[in-house]
Protein chains: 4
Amino acid sequence: MNKRDAVETKTRILSTAEKLFSEVGFDGARVDDIAKEAGVNKALIYYYFKSKDEILDTLFSALIDEIKQVLIQKTVAGTPEIQDNIINGDYRPLIDAFMDFMFRKRKIIKIVIGESVKASTKLSMVMKVGTLIIDGEIESIRKAYESKGLHFSVNKQEFLVTEFFTGFMPLISYALYGDEWQKIYHISEKDLREQFYQSFKKTHLAAHLGE
Amino acid sequence: MNKRDAVETKTRILSTAEKLFSEVGFDGARVDDIAKEAGVNKALIYYYFKSKDEILDTLFSALIDEIKQVLIQKTVAGTPEIQDNIINGDYRPLIDAFMDFMFRKRKIIKIVIGESVKASTKLSMVMKVGTLIIDGEIESIRKAYESKGLHFSVNKQEFLVTEFFTGFMPLISYALYGDEWQKIYHISEKDLREQFYQSFKKTHLAAHLGE
Amino acid sequence: MNKRDAVETKTRILSTAEKLFSEVGFDGARVDDIAKEAGVNKALIYYYFKSKDEILDTLFSALIDEIKQVLIQKTVAGTPEIQDNIINGDYRPLIDAFMDFMFRKRKIIKIVIGESVKASTKLSMVMKVGTLIIDGEIESIRKAYESKGLHFSVNKQEFLVTEFFTGFMPLISYALYGDEWQKIYHISEKDLREQFYQSFKKTHLAAHLGE
Amino acid sequence: MNKRDAVETKTRILSTAEKLFSEVGFDGARVDDIAKEAGVNKALIYYYFKSKDEILDTLFSALIDEIKQVLIQKTVAGTPEIQDNIINGDYRPLIDAFMDFMFRKRKIIKIVIGESVKASTKLSMVMKVGTLIIDGEIESIRKAYESKGLHFSVNKQEFLVTEFFTGFMPLISYALYGDEWQKIYHISEKDLREQFYQSFKKTHLAAHLGE
DNA sequence: CATGAATGAGTCTTCATTCAT
DNA sequence: GATGAATGAAGACTCATTCAT
């Protein structure tokens, strides 16, 4: 096997683990099953990863890296258009980008949430990621304002609470329960997302606008 | 041992299980530890419950029962005062009652969320409970309106999406991460709750008022 | 409960145990199940019997007692008619009595055989019972002969081997597998028994006659 | 470890299980003890076998395979000499081969009988094996006759009953209780076998000859 | 006699992890 | 890189038996 194959093998292990962790939880997933479903020998998993925990850590790190990437791309390093939209209160493109990302990553998000509710966890990944995103958001908005010569100030603590509980968590919830909602109410992802966006707009975003 | 003791023993097992499940997750909790911490013989747990799963089911059922109880008490069967408040858009007492309940029940709520994100779960408890609560809410509001000879109508699907994702889930999030937030930001429960309420008011509740 | 009921309760426990032991083996049977099926409290079983083993011992003792009873009644203490038959080589009534008994007792016989094949068992019940019966048989034949002023002599060891392996064990086998044979070959107990008797007659009994 | 070792390990587990099952019964045997006595890690047993039951099944299958092998070798595919013997009514070599086999396999035969008397067992192994052997026997005799231009006919049902209860079961009994008999009556295997053969000859085989 | 509650000592089975090749 | 074999440490669940009333 050449390097490309090796990388591919490791990736296959990771995505299989992601799938299984999201389906049955981290504790519920068996390394045996990951091996079987990934089509590799179990010992090989331990060749690539020191432990089952390290697989999870790798997935988490990758998630955080991607989030940073998306944040930078979609906000801070966003096009002048995006920045205009933000100032004009048209968050639609931003939210859409975010929802795309979240929906695509819903498997690992489920894992993160599943792990975060265990009290044993040190600093919950959710708060870690939430704070990360919100900080990025603040920065992005500030930058947008500044690029127009405007000033943006905010009560950090108040802002955080609002963003985390009424902005970030609803979006996360969409990633967690969107699938199920579609099934129960026989609604397409597109339609549900539109409904969600309307709700989000008239609640969370309305507050943004109002400020 | 008389009947009272037996009931007490079973209750002790249940609350110990609730505690451990919430701390390390359902899979992470050991029946041995539940027994040890509850001060009972392990076999006794299996005398009262067919399996570890049945302990969880019992906790879930009890939660749902309590929620129904609270709902009825605080809304549909509420005092005229409560009903007046609803019509006047003063949801504070209602929300407070709810947050009290949720904060008190945060241990089991964490378990529910932890289990709900596993795809294997049939109909996620969260959606079950969420729908239950929202239906109760609708009924309560309708009843409040009708008692004043007013009419209350709502687009059910739209209402559900809004209530679930931007109303129910933020409240759940408060139960999930309130503790951690307090620790990280060195803020008391009372203060955090006030902040949360203000955020909730200017986002979710504002939409209610606006309708 | 008066004494009659108490006896009845104990009997019910015994017959339920006999049934379960024969169905799933001694090890496979649960005291819990005996209690449930007998409709008594589990602790009550321990009031009547010191242990699960003692239930088995009681069943075994009762079996041996009954065998002795039957033997005496049907052979040694048999009517002159029976004794005539024996001398004339007409074992039919004797064999019939025996098969009746065995078929009726097939449940406990299954238990005895099941236990006897465990090497750990001290002296196998089977050999104990087998020897008991064969000794009785010898005595009965001798007595029949003597009552007619005839003499009956036998090479004990040779007789024992023949009686045990080609006489006693086929009869036991009938008790063990008669039920199943009926089911598989769709044959009534009456017909199977007739076939068995013919086979037994032309093999084992023929040798008796020939002597 | 190479493949040869692996096979050897699995075999060791099987023969240890066979030994223990025959000593204390299937239910009485502990997987822990099998592991300890086979000198392997307990988990390794579950690497090779899905469950304790599967160990038993494997032993049973192997027994049936061996029986088929012996049958073919000793009868249908037997030498002309063997076939001559059968026609001449000299079953000694055949019976000897059979008794050798049975005595060698007495451990697993005890297990089979022990399990077969449990009503829960589907189609009792004993009847399965018994029928298998008897069918093979019929075939072998028929073939011997035909090779000499002779005709062999038989009433199947009658033949089966005779062979099973007065031929097969006494032989089985010898495997079950031969050991014990030797101990009780202080007789060598060789002598007991001779006695058994004489008894078998003048009962079961005499009927064969007479036909 | 009778019972619900309680227990100690297993018993099978699982699982993350490692070893030898 | 890759694999079949092997292992230590638990884990859920069971069961005969006893206790208190």
Side-chain angles (χ1 to χ4, degrees), chain A residues 1-3 5-10 27-35 39-55, chain B residues 1-3 5-10 27-35 39-55, chain C residues 1-3 5-7 9-10 27-35 39-55, chain D residues 1-3 5-10 13 27-35 39-55:
Chain A
M1 296 261 170
N2 60 30
K3 211 144 202 178
D5 286 335
V7 168
E8 201 272 326
T9 298
K10 194 171 177 181
D27 290 323
R30 309 292 159 226
V31 176
D32 257 298
D33 292 337
I34 297 173
V40 304
N41 183 283
K42 186 171 39 164
L44 193 61
I45 291 182
Y46 284 89
Y47 175 81
Y48 285 116
F49 303 95
K50 206 176 6 218
S51 68
K52 193 183 165 190
D53 273 288
E54 200 181 277
I55 301 177
Chain B
M1 296 267 165
N2 60 28
K3 214 146 204 175
D5 285 342
V7 168
E8 200 272 325
T9 300
K10 194 170 178 182
D27 290 322
R30 307 296 153 219
V31 175
D32 260 297
D33 293 338
I34 296 174
V40 302
N41 183 285
K42 190 183 11 171
L44 191 61
I45 292 182
Y46 286 91
Y47 177 77
Y48 286 116
F49 304 96
K50 224 199 312 260
S51 67
K52 196 181 163 190
D53 271 289
E54 201 179 278
I55 301 178
Chain C
M1 296 261 171
N2 59 30
K3 210 144 203 178
D5 286 334
V7 168
T9 298
K10 194 171 177 181
D27 290 324
R30 310 290 158 226
V31 176
D32 257 298
D33 292 337
I34 297 173
V40 304
N41 184 281
K42 187 170 38 161
L44 192 60
I45 292 182
Y46 284 89
Y47 175 80
Y48 284 116
F49 303 95
K50 204 177 7 217
S51 68
K52 193 183 166 189
D53 273 289
E54 200 179 278
I55 301 178
Chain D
M1 298 268 165
N2 60 30
K3 214 147 205 175
D5 285 343
V7 168
E8 201 272 326
T9 300
K10 194 172 176 180
I13 292 170
D27 291 322
R30 306 294 155 222
V31 175
D32 258 298
D33 293 337
I34 297 174
V40 302
N41 184 285
K42 193 182 8 172
L44 191 61
I45 292 182
Y46 286 90
Y47 176 75
Y48 285 116
F49 304 95
K50 225 197 314 260
S51 67
K52 194 181 165 190
D53 271 288
E54 200 180 277
I55 301 178

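Here is the naming used below: chain letters follow the sequence lines, and residue numbers restart at 1 for every chain. Worth saying up front: this structure is predicted, and the values here are computed from it rather than measured. Hydrogens, waters and symmetry mates are skipped; everything else that's a heavy atom, side chains included, is used.
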Any salt bridge (charged side-chain N to carboxylate O under 4.0 Å, His left out) pairs touching residues 39-54 of chain B, not counting sequence neighbours?
B/Asp32-B/Lys42

Check the distance between F/dA6's C1' and D/Lys10's NZ and give it to me in whole angstrom.
15 Å

Can a cation-pi geometry be assigned to A/Lys10 and A/Tyr47, taking NZ or CZ under 6.0 Å from the six-membered ring centre and within 45° of the ring axis?
no

Same-atom distance (P) from F/dA20 to E/dC1, integer angstrom
22 Å

note: B/Asp32, atom CG; E/dG8, atom P; distance rounded to Å ~ 13 Å

For D/Ala29 and for A/Val31, locate the closest nucleotide of DNA chain E by heavy-atom distance; then report the residue assigned to the nucleotide nearer the 5' terminus.
D/Ala29

Is any side-chain heavy atom of C/Thr9 less than 4.5 Å from a side-chain heavy atom of C/Tyr48?
yes

Taking all atoms of both residues into account, what is the closest heavy-atom pair of A/Tyr46 and A/Ser51, and its distance?
CE2-CA, 4.1 Å

Which atom pair, heavy atoms only, marks the closest approach of A/Gly28 to B/Asp27?
N-OD2, 3.6 Å

So, for D/Val31 and D/Ile45, which heavy atoms are closest and what is the spacing to 0.1 Å?
O-CD1, 3.9 Å

For DNA chain E, which residues of residues 42-52 of chain A approach it to below 4.0 angstrom with any heavy atom?
A/Lys42, A/Ala43, A/Tyr46, A/Ser51, A/Lys52

Report yes or no: is there a donor-acceptor pair, N or O only, under 3.5 Å between the side chain of C/Asn41 and the base of E/dG4?
yes

Say you draw a straight line from CD1 of D/Ile13 to CD1 of D/Ile55; how long is it, rounded to the nearest 0.5 Å?
7.5 Å

Tell me whether the side-chain N/O atoms of D/Arg30 come closer than 4.0 Å to OP1 or OP2 in E/dG10.
no

Can you list the stems that include DNA chain F, where a stem is three or more consecutive Watson-Crick or G-U pairs with distances under 3.5 Å?
E:2-21 with F:2-21

Between E/dA6 and B/Thr9, is there an OP1 or OP2 to side-chain N/O distance shorter than 4.0 Å?
yes

When the distance from CG of C/Asp27 to P of F/dT14 is rounded to whole Å, what number comes out?
17 Å

From CG of B/Asp53 across to C1' of F/dC13 the rounded distance in Å is 13 Å

With a non-hydrogen cut-off below 4.0 angstrom, is C/Ala35 in contact with a base, only sugar-phosphate, or nothing?
nothing

